[in-house]
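What follows is a short report on a single structure.
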Amino acid sequence: MKKLGFGLMRLPITEAGNPTSINQKLVNKMVDYYLDKGFTYFDTGYPYHQGMSEVAARKAIVERHPRESFTITDKMPTFFVTKSEDYQRFFDEQLERCGVTYFDYYLLHTLGVKNYADTLKYNGFEFMKKLKEEGKAKHIGFSYHDKAELLDRILTEHPEMEYVQLQINYIDWDNESIESRKCYEVATKHKKSVIVMEPVKGGALANVAEGADKLFKTYNPDQSTTSWAVRFAASLENVFMVLSGMSDYEQVVDNLSYMQDIVPLNDEEREIIKKATAIINSSIAIPCTTCQYCVDGCPKKIPIPKYFSLYNNQKQFGIVPAHMNYYMNLTQDSGKASDCINCKQCEQHCPQHIDIVEELKEVSRVFDV
Ligand code: SF4
Ligand code: SF4
């Protein structure tokens, strides 16, 4: 199977601000081109386009192409489940919206500390196993937005999960909060294949700082900025599929041009990405080096560098909804930014002399909604 998945979460729309106004004609054209080129993997989700992504998938793919010519992935909205019976209700609704009798891949959507606890409470893993036994889901797994340590626990407790969908891109690879590299290494340790989401960080890595872009263009003027990000993810050995949320026809054409016969990054290209990452990170809002010196003495157990890292990400790349998930997951067993009592213990230890208390107020303003 070719390694580029068609993400159906950012489809073209006809009315600005109305996510349900999907431009179906254009989606059909994009889907046809993608399939014509031998690609087969589509990814949708219950909340995408307020429920209309699944419907668009039915219209563009299921009703216009033979079932065996594509695979379709959908996800159980774990965040909406409040009782065990909800699983079947959501699943039946998804089959109907998509117009299929089974999903090739079916994932628990967005596991993290809270959704994992809820999934255990409502017997979600038993439901997933049942789907697989019945042939309603050919393969099962979960998408994940939390720390590597919890991922290790989930995979240890649930070896029946076959896939993990992770946020991986070159900016988040060593990010303190997102822990892309660590999560990838945990999945690999458990011999689970990885599906990559957000390889272009919601489109942010299609338009990077000028100095970084210059590095890319100097090396190869014909290669798009986006292609560096997608190839970074696709070059990882244990990655089975890289999702790209495709929004227009030109994007499909560009993506397929270098993913048709994927050439992994060479050593020189990896070095260029490292340098580009440093340039992009140099424009950060809070110059935290994640040394952790401030953390131990905090009476409110606030994971200061993790929050700063999320905040910096948000400032650099705009609103990325997944960041709120990471923040909420972190607050499950740590203090929130707004819990700070202004004792200033942390500031005494900060070698960067960051005004931590003031910066936490900013973090709180963005994330404690
Ligand atoms: S000032 Fe706030 S963040 Fe710093 S140690 Fe005190 S409670 Fe923790
Ligand atoms: S001590 Fe300063 S630089 Fe180090 S992690 Fe804390 S805030 Fe960041």
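Indexing begins at 1, ligand by ligand and atom by atom, following the structure's order. We count residues from 1, following the sequence as given.
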Contacting atoms of ligand 1, where contact means under 4.0 angstrom from a heavy atom of [X]:
X	result
C298	3 (S), 5 (S), 7 (S), 8 (Fe)
V357	1 (S)
Q345	5 (S)
C346	1 (S), 3 (S), 4 (Fe), 5 (S)
I304	3 (S)

**Message:** When you measure from atom 8 (Fe) of ligand 1 to the N, O or S atoms of C294, does any of those distances fall below 2.8 Å?
**Reply:**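 Coordinating: no.
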
Looking only at protein heavy atoms, which one is nearest to [atom], and how far off is it?
atom	value
atom 8 (Fe) of ligand 2	C288 SG, 2.4 Å
atom 2 (Fe) of ligand 2	C350 SG, 2.3 Å
atom 3 (S) of ligand 1	L360 CD1, 3.5 Å
atom 1 (S) of ligand 1	K344 N, 3.1 Å
atom 4 (Fe) of ligand 2	C291 SG, 2.3 Å

**Prompt:** Which part of D339 is near ligand 1, with near meaning a heavy atom under 4.0 Å away: side chain, backbone, both or neither?
**Reply:**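 For D339, no heavy atom sits under 4.0 Å from ligand 1.
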
**Message:** Below 4.0 Å, non-hydrogen atoms only: which portion of I341 touches ligand 1? Side chain, backbone, both or neither.
**Reply:** both

Contact atoms of ligand 2, heavy-atom distance to [X] under 4.0 Å:
X	answer
P305	5 (S)
I356	7 (S)
Q292	4 (Fe), 5 (S)

**Ring-face cation contact, Y102 with R67, 6.0 Å cut, 45° max** = yes

**Request:** Using the ring of Y46 (Phe, Tyr or Trp, six-membered ring only), decide whether R97 places NZ or CZ under 6.0 Å from its centre and within 45 degrees of its axis.
**Result:**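 Output yes; distance and angle both within limits.
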
**Metal site atom 2 (Fe) of ligand 1: N/O/S of C340 inside 2.8 Å** = yes

**Request:** State whether E134 and K130 are salt-bridged, where the test is any N-O pair (Lys NZ or Arg NE/NH1/NH2 against Asp/Glu carboxylate O) under 4.0 Å.
**Result:**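 K130 and E134: salt-bridged.
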
**Candidates E160, E162, E126 - the one meeting salt bridge (charged side-chain N to carboxylate O under 4.0 Å, His left out) with K132** = E162

**Request:** Evaluate the side-chain proximity of L166 to C183: yes if any heavy-atom separation is below 4.5 Å, no if none is.
**Result:**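 Yes, at least one pair of side-chain atoms sits under 4.5 Å.
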
**Request:** Pick, from G297, C343, A337, the option with the minimum heavy-atom distance to atom 5 (S) of ligand 1.
**Result:** C343

Looking only at the side chains, is there a donor atom on one of [X] and [Y] sitting less than 3.5 Å from an acceptor on the other?
X	Y	result
N175	S309	yes
K300	Q345	no
Q165	Y144	no
T225	K217	yes

**Request:** Report yes if the distance between the aromatic ring centroids of Y106 and H139 is under 6.0 Å, otherwise no.
**Result:**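 No: the rings miss the under 6.0 Å criterion.
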
**Asked** Would the F42 and Y34 ring centres measure less than 6.0 Å apart?
**Response**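 F42 vs Y34: aromatic centres under 6.0 Å.
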
